[in-house]
Amino acid sequence: MTHITFANGDKMPMLGLGTWKSEKGKVFEAVKTAIKIGYRHVDCAPIYGNEQEIGEAIKACIEEGVVRREDLWITSKLWNDSHRKEDVVPAVKNTLKDLSLDYVDLFLIHWPVALKKGVYLATSAADFLSLAEIPLEDTWRGMEEVVHNGLAKHIGVSNFGKANLSKLMGTSTIKPEMNQVETHPYFQQNDLLDFCGENGIPLTAYSPLGSSDRPSALKADNEPNLLEDKVIRSIAESKNAAPAQILISWSLHRGVSVIPKSTNDQRIRENFEARNIQLNSEEMEMISNLEKGRRYLSGEFWVFENGPYQLKDIWA
Ligand SMILES: NC(=O)c1ccc[n+]([C@@H]2O[C@H](COP(=O)([O-])OP(=O)(O)OC[C@H]3O[C@@H](n4cnc5c(N)ncnc54)[C@H](OP(=O)(O)O)[C@@H]3O)[C@@H](O)[C@H]2O)c1
C-alpha cells in the first residue's frame with residue numbers, strides 16, 4: 001500500500017517528510033530536494049516556525065514545473081493557543097498565508113491541550129485553559145468550518161487517545177479523518193491502532209526514528225536509541241539497508257503513514273527508498289517483539305502543579 005484513500009477518494013501518500021526542528025536556512029533545500037526526488041507529502045505545523053520557508057520551497061517546485069499543487073499532500077496543524085471555535089479559521093488562514101497556499105490537504109488539532117491566546121509554550125499553570133473552558137467538541141466545530149470554507153480538504157487530530165477521539169466521533173458532522181501520534185517499534189500503540197481501524201481513522205506515525213534531535217529538555221536520561229537497536233540493525237544488515245529504512249518500512253507494512261524528518265540530502269533520499277524494502281512476517285514479528293511501552297515525547301511539558309492537564313487525561 002502506498003496511499004491512504006479517504007472516503008471521498010482523495011489519496012494521501014503514506015510516506016511524507018517531517019519538518020519539526022528543520023531549521024530555517026535548511027528547510028527550503030530539504031523540501032525542494034524531497035519534492036524533486038518524489039516525496040509528495042509534507043508534514044508541517046505553525047509551531048515549527050518554518051512554514052514560510054516551506055511555502056517558498058513548494059512555490060519554487062511548482063514554478064519550476066517539478067510538481068503541481070494538486071499532486072502534493074500538505075498537512076498542517078492548529079496550535080494550542082487557537083482552540084476557541086472562533087480562532088480556528090483565522091489560525092488556518094495564517095498558516096495558509098505562511099505556506100503561500102489556498103488550502104491544506106489535512107489540518108489537525110495538534111494536541112488535546114488548550115493554551116491562552118498568544119502562549120506558544122507553557123511556562124506555568126496560568127498559561128492553560130482547561131478542557132472544561134474550551135471543550136474539544138467546540139474546537140472541532142471550528143475545524144468543521146475550516147472544511148466548509150474550503151481551507152482544508154480533510155481534518156483530523158494529533159496526540160489523541162481513544163477517549164478524546166470518542167468525544168469528537170459522538171458529536172461531529174465531519175468525523176476525524178486522521179490521528180497523528182508517536183509510534184515506532186518501542187511504542188507500537190496496537191490498541192489505538194485497532195480502535196482507529198475499527199472506526200475508519202488511519203494513523204500517521206510521528207518520531208518514527210526516535211526523534212534524536214529533540215531539544216535536551218525534552219529527553220529523558222538513558223533513552224534507548226531505536227536506530228542502534230540490535231534487532232533493527234541485524235535486519236538492516238541482512239538487506240544491505242539502513243536501520244532508518246527498516247523502521248520506515250515496518251510502519252508502512254503496518255498500514256501506518258510515516259513522516260521521518262531529515263534536512264540531510266542523503267538521508268532524505270535514503271528514507272524515501274524505504275518504500276522498496278520488503279519485510280517478511282518473521283521480520284515483522286521480530287520487530288513487533290521490541291515493544292517497550294516507551295514514548296520519546298512524554299507530554300510532561302503540559303503538566304504543571306495546579307495546572308488543568310495530567311498525562312492520563314492527555315493520552316486518554
Ligand atoms: N503531531 C505531533 O505532535 C508531532 C510530534 C513530533 C513530530 N511530529 C512530526 O513527525 C516528524 C518526525 O518526527 P521527529 O522529527 O520527532 O523525529 P524522527 O523523524 O523520528 O527523527 C528525526 C531525526 O532522525 C535523523 N534522521 C533522519 N533520517 C535518518 C536516517 N536515514 N538515518 C539516521 N538518522 C536519520 C534526523 O537527522 P537529520 O535531519 O540530520 O537527517 C533527526 O535527527 C516531525 O518532524 C514532525 O513533522 C509531530
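Numbers here simply count residues along the sequence, with the first being 1. Counting starts at 1 for both ligands and their atoms, in listed order.
No donor-acceptor distance shorter than 3.5 angstrom exists from the side chain of E182 to the backbone of S207, with no hydrogens or angles considered. Judged purely by atom type and a 3.5 angstrom limit, E53 uses its side chain to pair as donor or acceptor with the backbone of F28. The closest donor-acceptor contact from the side chain of D81 to the backbone of G118 lies under 3.5 Å. Of the possible donor and acceptor atoms, one in the side chain of N159 sits under 3.5 Å from a partner among the backbone N and O of H110. Judged by distance alone, with hydrogens and angles left aside, the side-chain atoms of K219 form a donor-acceptor pair with the main-chain N or O of S212 at under 3.5 Å.
The shortest contact between atom 12 (C) of ligand 1 and any protein heavy atom is with I259 O, 3.1 Å. The nearest heavy-atom contact from the protein to atom 28 (N) of ligand 1 is N271 ND2, 3.0 Å. Closest protein heavy atom to atom 17 (O) of ligand 1: S211 CA, 3.3 Å. Ranking the protein heavy atoms by distance from atom 13 (O) of ligand 1 puts S207 N, 3.0 Å first. Atom 3 (O) of ligand 1 has its closest protein heavy atom at N159 ND2, 2.9 Å. In this structure, the protein non-hydrogen atom closest to atom 15 (O) of ligand 1 is K21 NZ, 2.7 Å. For atom 23 (C) of ligand 1, the closest heavy atom belonging to the protein is D213 OD1, 3.7 Å. Protein heavy atom in closest approach to atom 44 (C) of ligand 1: W20 CB, 3.6 Å.
Salt bridge E56/K59: absent, no basic N to carboxylate O contact under 4.0 Å. Here R69 does not pair with D102 in a salt bridge; the nearest charged N to carboxylate O distance is not below 4.0 Å. K77 and D43 are joined by a salt bridge, as a carboxylate oxygen and a charged side-chain nitrogen come within less than 4.0 angstrom of each other.
Between W73 and F6, the ring planes lie parallel to each other; the angle is under 30°, not in the 30° to 60° tilted range. Between H184 and Y186, the two ring planes are perpendicular [angle over 60°; tilted spans 30° to 60°].
Considering only non-hydrogen atoms, atom 30 (C) of ligand 1 lies nearest to R267 out of R267, H184, K261. By heavy-atom distance, the residue among L297, L209, V258, L226 lying nearest atom 24 (O) of ligand 1 is L209. Between atom 7 (C) of ligand 1 and the options Y296, W111, Y206, the minimum heavy-atom separation is to Y206.
Listed by number with element, the atoms of ligand 1 under 4.0 angstrom from any heavy atom of A244 are 30 (C), 31 (N), 32 (N). Each of the following atoms of ligand 1 lies closer than 4.0 Å to a heavy atom of E270: 30 (C), 31 (N), 32 (N). Taking a cut-off of under 4.0 Å to the non-hydrogen atoms of D43, the atoms of ligand 1 that pass are 9 (C), 46 (C), 47 (O). Residue contact check: G210 has heavy atoms under 4.0 Å from atoms 20 (O) of ligand 1. Near S212, with a cut-off below 4.0 Å to any heavy atom, the atoms of ligand 1 are 43 (O). Each of the atoms 41 (O) of ligand 1 lies under 4.0 Å from some heavy atom of N264. Within ligand 1, the atoms closer than 4.0 Å to a non-hydrogen atom of H110 are 1 (N), 2 (C), 3 (O), numbered from 1 in the order shown. Close contacts of ligand 1 with L227, meaning ligand atoms under 4.0 Å from a residue heavy atom, involve 33 (C), 34 (N).
Counting only heavy atoms from C-beta outward, the side chains of L168 and F160 approach each other to under 4.5 Å. Here the side chains of L151 and F107 are not in contact, with every heavy-atom distance at 4.5 Å or above. Contact of the E51 side chain with the T95 side chain is registered, since non-hydrogen atoms from C-beta on lie closer than 4.5 Å.
Every N/O-N/O distance between K77 and ligand 1 stays at or above 3.5 Å.
Counting heavy atoms closer than 4.0 Å to ligand 1, residue C44 contributes nothing at all.
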